[in-house]
Asks: 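Below: one structure in structure tokens.
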Amino acid sequence: MSDTTKYTEAFEELQVIVSEIEQGEISVDELSEKVNRAAQLIKICKSKLTKTEEDVNKILKELDSVTKEEE
Amino acid sequence: MSEIINNKTVFSLIEVTTSIQKTIAARYTSTFWIKAEMIKLNLYTHSGHCYPELVEKRNGKVIAQLRSIIWKDDYNSINNNFLKILKEPLKDGIKILFCAKISFEPVHGLSLTIIDIDPAFTLGDLEKEKQETINRMKEEGIFNLNRSLQIPMLPQRIAIISVETSKGYADFLKVIEGNPWNYKFFHLLFPSILQGENAITSISRNLKRIKKVSSHFDVVAIIRGGGGDVGLSCYNNYELAKEIAKFPIPVITGIGHSTNETVVEMISFSNAITPTKIAEYLLQKFHNFSVPVQAARDKIIDKSRRLLSEEKTKFGSEIKLFRSATKNILIEHRNQVKSEAGSLMRQSLFRFKNENDLLQDLRKRIKGSVYLTCRSSRQEIKQLALNIRNIAVSLFRQIKLVLDQNTHQITRSAGVNLATKHTEIKNIETNINNLSPANVLKRGYSITLHNGKAIKSYREIKAGDVLNTVLFEGNIQSVTESSQKPKEQ
């Protein structure tokens, strides 16, 4: 579930950055770094929304092998 | 009418069935109250008649089975009664207590004609089973198991338990696949029977299969739809409900009916009720993720811009302030330097004048005092000179007096000794002769005169006086350079 962890953490980190920036806790010095990081996080989150890497064939293969074992 | 064929008495089928019909009609003249399980209602919507399949089971095995019929009018009144009391229509898979006539039709065979069904019995039976399942699950502490699972923020991979051709599955796919936000889902169908007694084993089998590959899925969706609100008592089954409660990933139900919530729906992670609602539930989860991400993006852009522009303005005004402050400081310092220079100039001029005045004053005073000193010194010298002259004059007088006295004495003593001394005088005369100035001069001595007087002391002469020196032969005139006291004195 490392994939889930990745985008969940990205989402949470993004919320932290937003709340920091909303509360004026980010100085101009840090701004560029934070914005870059946020862009990365947004990219991770958005790509997760529109992509999935599951492979039906792989699952079916796994299912078959398991079923055989059962028999 | 029987006939003889090959020595056998043979009845036609209609003769037999008619006979049976007669016999039964004679035997079963009244109606009976019978309890049985109605596995299928078999309502023919066109005619409005029903042909329920009735069974009795013992230990899961069918031990009795009989067809039955409910005529349209009876069905309508029974069904209305059910709807009123059970809040659901007459349906498959329920236990019923019914009032029936036993009849036999030559064409249709033996069947029960159901005149009335007691809804309270069915309700009690169904409720009893359902309540038993609930109680047992609660006792075993598994009632809330699936509901307490964590669903991933993006439930993207869905294992679907449904029927490929069902309307519910199609509805679900339509919403999920056609979503206008381009959310991407991965789904795999595990075909299953979804109603009636067989649904229990079919669904359970599929759940077991999904469990083997559960790492590939975020959520299980049980999707049923379009099959009407019948045969759902399977969802109150303990074994099935337990399987779902203990399932390792969240199970969402969209069984699609309007009757009381089944146990499976109660214990599932979420009951979306309809397949479309499951799809919407999942899309909502995506929204809950996507909207804050988009909002975060917008907020960060907006706030960053604002922050930068604020900083820019602040910086600009700082520069302005700095410029004017430095300008002021420079002006202030310049003025200070100017005034310091002016004051230095004035002070030094004043000082110069003071010093000059002081010097002038000193000069005057020195001049004055020198003049005075000189005058008093001259006076002193003059006085001294006068004193010296007076002393000299008185000294001369004393000396002359002494000389005169001596001369007198000498003259007196000379008279006494004249006679005896005549010869001596003669000798002395000779000596004196020898001592005359002419004779002295002859020996190299000279006499120095000043203003006709012989000089006996340096005091009588000062530089510049003209001296007349008398020699044995002739005179010398000279000018005095200096006159000094003898060294030995």
Side-chain angles (χ1 to χ4, degrees), chain A residues 1-70, chain B residues 150-159 176 179 181-190 205-206 208-219 248-249 282-283 285-312 314-315:
Chain A
M1 282 289 168
S2 68
D3 190 39
T4 307
T5 319
K6 200 175 149 196
Y7 76 76
T8 307
E9 280 176 359
F11 183 83
E12 280 161 7
E13 194 182 337
L14 188 61
Q15 299 307 315
V16 171
I17 292 178
V18 169
S19 85
E20 278 176 350
I21 206 169
E22 274 190 321
Q23 285 163 28
E25 285 168 7
I26 290 179
S27 70
V28 176
D29 298 330
E30 303 167 295
L31 186 63
S32 152
E33 194 192 313
K34 290 279 183 187
V35 169
N36 277 338
R37 180 68 186 147
Q40 267 178 7
L41 296 171
I42 290 169
K43 205 174 156 191
I44 291 170
C45 292
K46 286 204 163 178
S47 98
K48 183 64 193 172
L49 286 166
T50 53
K51 276 178 202 155
T52 169
E53 279 148 19
E54 282 301 340
D55 182 1
V56 178
N57 292 329
K58 205 175 141 195
I59 298 171
L60 291 180
K61 232 180 232 175
E62 267 183 54
L63 264 177
D64 279 353
S65 69
V66 171
T67 316
K68 271 172 197 161
E69 274 169 35
E70 277 179 339
Chain B
Q150 281 280 331
I151 193 165
M153 288 186 95
L154 293 178
Q156 194 170 36
R157 304 167 304 166
I158 311 147
I176 278 285
N179 81 79
W181 306 279
N182 286 325
Y183 297 153
K184 177 83 176 177
F185 292 90
F186 169 80
H187 51 82
L188 190 60
L189 178 67
F190 291 80
R205 201 185 68 240
N206 275 303
K208 281 187 183 110
R209 292 182 75 211
I210 294 167
K211 202 191 262 179
K212 303 282 181 193
V213 288
S214 66
S215 68
H216 294 281
F217 294 103
D218 297 318
V219 67
I249 60 174
L282 296 173
L283 287 174
K285 288 276 178 194
F286 270 58
H287 282 326
N288 292 348
F289 185 85
S290 170
V291 170
V293 167
Q294 187 58 37
R297 185 182 164 273
D298 295 346
K299 269 180 202 162
I300 286 168
I301 289 173
D302 178 57
K303 289 280 176 185
S304 305
R305 280 204 184 124
R306 202 172 294 174
L307 185 60
L308 283 176
S309 103
E310 275 170 13
E311 285 296 323
K312 207 171 164 185
K314 235 195 271 177
F315 189 58

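These numbers come from the heavy atoms of this one structure, side chains and all, not from hydrogens, waters or symmetry mates.
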Asks: State, yes or no, whether a side-chain contact exists between K303(B) and E22(A) at a heavy-atom distance under 4.5 Å.
Replies: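 Yes. Closest side-chain heavy atoms under 4.5 Å.
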
Asks: Do F217(B) and I59(A) have side chains that get closer than 4.5 Å, going by heavy atoms?
Replies: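 In short, these two side chains touch, coming nearer than 4.5 Å.
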
Asks: Quick one: pull up OG1 in T8(A) and CG in L154(B) and give me the separation to the nearest 0.5 Å.
Replies: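 Here the rounded value is 7.5 Å.
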
Asks: For L41(A), is it the side chain, the backbone, both or neither that has a heavy atom under 4.5 Å from a heavy atom of chain B?
Replies: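 L41(A) has no heavy atom closer than 4.5 Å to chain B.
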
Asks: With a 4.5 angstrom heavy-atom cut-off, could you sort out which part of I300(B) is near chain A: side chain, backbone, both or neither?
Replies: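 Looking at I300(B), backbone and side chain both touch chain A.
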
Asks: Classify the angle between the aromatic ring planes of F11(A) and F289(B) as parallel (below 30°), tilted (30 to 60°) or perpendicular (above 60°).
Replies: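 Taking F289(B) first and then F11(A), their aromatic rings lie parallel (interplane angle under 30°).
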
Asks: Please indicate whether E33(A) has more than 12 foreign heavy atoms, meaning atoms of other residues, nucleotides or ligands, lying under 6.0 Å from its CD.
Replies: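 Counting other residues, nucleotides and ligands, CD of E33(A) stays at 12 neighbours or fewer.
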
Asks: OG1/T52(A) to CZ/F185(B) distance, rounded to the nearest 0.5 angstrom?
Replies: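 Reported to 0.5 Å precision, the distance equals 10.5 Å.
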
Asks: Taking all heavy atoms of I26(A) and all of L307(B), pick out the closest pair and write down the distance.
Replies: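 For I26(A) and L307(B), the tightest heavy-atom pair comes out as O-CD2, 3.6 Å.
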
Asks: Is it the side chain or the backbone of F190(B) that comes within 4.5 Å of chain A heavy atoms, both, or neither?
Replies: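 For F190(B), the side chain is the part near chain A, not the backbone.
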
Asks: Among I42(A), V35(A), I17(A), which residue forms the greatest number of heavy-atom pairs with chain B at distances under 4.5 Å?
Replies: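 Top count of heavy-atom pairs under 4.5 Å with chain B: I42(A).
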
Asks: Could you measure the distance from the NE2 atom of H287(B) to the CG atom of L49(A)? Nearest 0.5 Å is fine.
Replies: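 Between H287(B) NE2 and L49(A) CG, I get 10.5 Å after rounding to 0.5 Å.
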
Asks: Between the side chain of Q156(B) and the main-chain N/O of K48(A), is any donor-acceptor distance below 3.5 Å?
Replies: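 Present.
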
Asks: I need the C45(A) SG to Q294(B) CD distance, nearest 0.5 Å.
Replies: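 The SG atom of C45(A) sits 11.5 Å away from the CD atom of Q294(B).
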
Asks: Could you tell me which portion of K58(A) (side chain, backbone, both or neither) has an atom closer than 4.5 angstrom to a non-hydrogen atom of chain B?
Replies: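 Answer is side chain: those atoms of K58(A) sit under 4.5 Å from chain B.
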
Asks: Rounded to the nearest 0.5 Å, how far does NZ of K299(B) lie from CD1 of I21(A)?
Replies: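 It comes to 11.0 Å.
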
Asks: Give, for atom CG of D55(A) and atom CZ of F186(B), the distance between the pair rounded to the nearest 0.5 Å.
Replies: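 Taking CG in D55(A) and CZ in F186(B), the distance rounds to 7.5 Å.
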
